[in-house]
J.: 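I'd like to ask you about the structure that follows.
Throughout, a chain's letter reflects where its sequence line sits, starting with A, and its residues are numbered from 1.
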There are 2 protein chains.
Amino acid sequence: MEKDTSISEAFQAVMAANGDIPPKQQQVLAASLELFAQQGFDNTTTKQIAEKAGVAEGTVYRRYKNKDELLAGVLAPFMTQVLPNLIKEFAQQVVARPYLTRHEMISAIVQNRLDFIKENGAILRVLIREISVKNDLRSQFITHVGPLLRDNLFPVLDRLKANGELVDWPDSRIAQFMIGTMLTELVRAVLLPEDVSTAAPVIIEFIEKGLAPK
Amino acid sequence: MEKDTSISEAFQAVMAANGDIPPKQQQVLAASLELFAQQGFDNTTTKQIAEKAGVAEGTVYRRYKNKDELLAGVLAPFMTQVLPNLIKEFAQQVVARPYLTRHEMISAIVQNRLDFIKENGAILRVLIREISVKNDLRSQFITHVGPLLRDNLFPVLDRLKANGELVDWPDSRIAQFMIGTMLTELVRAVLLPEDVSTAAPVIIEFIEKGLAPK
DNA sequence: CGTAAATGAGTGAGTGCACACTCACGATAA
DNA sequence: TTATCGTGAGTGTGCACTCACTCATTTACG
């Protein structure tokens with residue numbers, strides 16, 4: 001099992017950091033995530049959350065003042081712990097190797113991150129859905145993830161470009177295509193839930209060829 | 001201007017077909033679309049819709065029994081008119097030319113469809129957001145779009161594969177990558193609203209190289 | 001040690017309100 | 001007249017949120 005790239009582990013980490021969070025509060029968070037992912041934030045009532053968590057409704061409001069803070073409580077550990085770790089971990093794997101080929105880099109990224117997307121699909125769906133509508137969440141996301149990519153992914157891309165391993169496109173475009181293509185797996189999972197064929201090799205090949213220099 | 005690939009035109013078409021819909025009802029539909037796109041379906045009140053449409057709240061309920069039917073009223077013309085026309089139009093352009101290259105096909109698709117995505121971004125956002133949560137909408141979408149792709153896009157892909165112009169991947173995968181990559185432009189527009197650089201050439205090149213045979 | 005006081009998690013019936021939806025009525029046109 | 005469109009005050013309810021309370025655990029102190 002990897003370091004800290006899954007939600008459940010990240011929840012643990014956050015709880016440990018904050019002095020332990022009572023078990024019922026963990027149940028509330030877990031139930032919220034599950035229901036938000038299934039039904040959407042707006043279609044989920046605090047009563048449902050309480051029921052699923054096996055808790056009284058008042059308990060939901062002990063730690064989180066209102067429903068929006070509860071959403072933040074679910075998403076925050078993901079944004080501040082899971083994503084940063086994910087990206088930094090990748091950077092460590094890769095930065096040490098000065099003569100990386102395009103294939104090596106892209107395999108390294110895609111392979112692990114697909115597992116990540118599959119494992120964290122629920123929270124990703126919630127995040128994406130709410131980002132499209134809540135401005136504060138969106139700007140928070142941008143200020144968190146933007147620098148993360150700039151500092152960890154982009155230098156690697158620049159090096160590969162310098163070595164003639166990668167097309168000479170702006171880093172943001174390359175990131176768009178890499179991340180976007182991986183996220184299409186999320187969409188596929190929503191539209192074709194029965195299909196479980198392993199997609200990694202195909203995705204790696206598509207991205208790799210697509211990003212090859214002319 | 002193209003045939004019938006934009007929402008506003010499609011609304012007109014639907015109205016013409018149904019015998020003309022009173023102008024206030026059109027305003028209701030337009031206001032609904034705009035608000036749903038900005039705020040999400042659940043965060044939009046019928047009162048807001050009425051205000052924006054310059055109409056009494058009762059008027060909203062004259063044609064549509066409830067809020068869900070109103071959503072359907074917004075999305076239906078898109079699913080049953082706009083998307084089919086879009087895809088069939090493409091097929092007509094392309095099917096007549098037996099020796100199409102990969103580059104020609106992908107340019108033909110991407111070029112127009114990017115405009116389409118930009119023009120219909122609002123309704124696409126609404127559709128995608130609600131599909132992820134409403135099962136009936138999802139299955140309706142699948143049964144509409146699935147056959148459409150099978151009948152119009154897939155034969156072209158098969159022909160190109162036979163001519164050695166395209167990788168030998170399942171058609172659904174190829175469609176996933178093509179459509180998915182184009183949709184990343186929607187995401188980019190949400191996250192970086194200020195950026196308006198023209199992306200078409202880069203996207204064409206990425207898809208074209210990514211789908212080249214080995 | 002024993003007991004009292006303080007702390008804070010957990011409870012669930014209760015509250016107020018925002019919202020989706022209704023309906024009796026007016027206006028216009030055929 | 002009849003039919004259709006539009007109106008907006010009014011209604012019922014489902015929901016987020018509150019609060020006075022219980023109970024268990026920890027701290028204070030003689």
J.: Answer yes or no: does a side-chain N or O of B:T45 lie under 4.0 Å from OP1 or OP2 of C:dC19?
T.: no

J.: Could you tell me the separation between the NZ atom of A:K47 and the P atom of C:dT11, rounded to a whole number of Å?
T.: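 To the nearest whole Å, that distance equals 15 Å.
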
J.: Check each of A:L75, A:I128, A:L83, A:D136 against A:F141 using the side chain to side chain contact (heavy atoms under 4.5 Å, CB included) test, and report the only one that passes.
T.: A:L83

J.: Can you run down the ring-ring contact (aromatic ring centres under 6.0 Å, His included) pairs that involve residues 26-48 of chain A, sequence neighbours left out, and say none if there aren't any?
T.: A:F36-A:F41

J.: What is the distance, to the nearest angstrom, from the CZ atom on B:R62 to the P atom on C:dA24?
T.: 13 Å

J.: Looking at the side chain of B:K67, which of C:dG10, C:dC19, C:dC21 is the nearest nucleotide?
T.: C:dC21

J.: If you look at every strand shown and take non-hydrogen atoms under 4.0 Å, does B:V55 touch a base, only sugar-phosphate, or nothing?
T.: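 Since only primed, P, OP1 and OP2 atoms lie under 4.0 Å of B:V55, the category is sugar-phosphate.
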
J.: 5' to 3' on DNA chain D, which nucleotides open and close the contacts with chain B (atom under 4.0 Å from a heavy atom)?
T.: D:dC5 to D:dG8

J.: Please tell me if B:Q48 has a side-chain N or O lying less than 4.0 Å from either OP1 or OP2 of C:dC19.
T.: no

J.: In whole angstrom, what separates B:F41's CZ from C:dC19's P?
T.: 14 Å

J.: Is the side chain of B:R138 donor-acceptor paired with the backbone N or O of A:L191 at a distance under 3.5 Å, no angle test?
T.: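 Checked: no pair found.
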
J.: Please give, in whole Å, the distance from C:dA18 C1' to B:E57 CD?
T.: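 In whole Å, C:dA18 C1' lies 11 Å from B:E57 CD.
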
J.: Return the value, rounded to whole Å, for the distance between atom NZ of B:K24 and atom P of C:dT28.
T.: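 My rounded result for the distance is 11 Å.
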
J.: Hey, can you tell me if B:F206 and A:W169 have their rings parallel, tilted or perpendicular (30° and 60° cut-offs)?
T.: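 Judged by the thresholds at 30° and 60°, the geometry between B:F206 and A:W169 is perpendicular.
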
J.: Whole Å only: how far is the CD atom of A:E51 from the P atom of C:dG12?
T.: 12 Å

J.: Tell me the salt bridge (Lys or Arg N to Asp or Glu O under 4.0 Å) pairs involving residues 193-205 of chain B, sequence neighbours left out?
T.: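 For residues 193-205 of chain B: A:K214-B:E205, B:R188-B:D195, B:E205-B:K209.
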
J.: Between A:E185 and B:R173, does at least one N-O distance fall below 4.0 Å, as a salt bridge requires?
T.: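 Salt bridge between A:E185 and B:R173, a charged N being under 4.0 Å from a carboxylate O: yes.
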
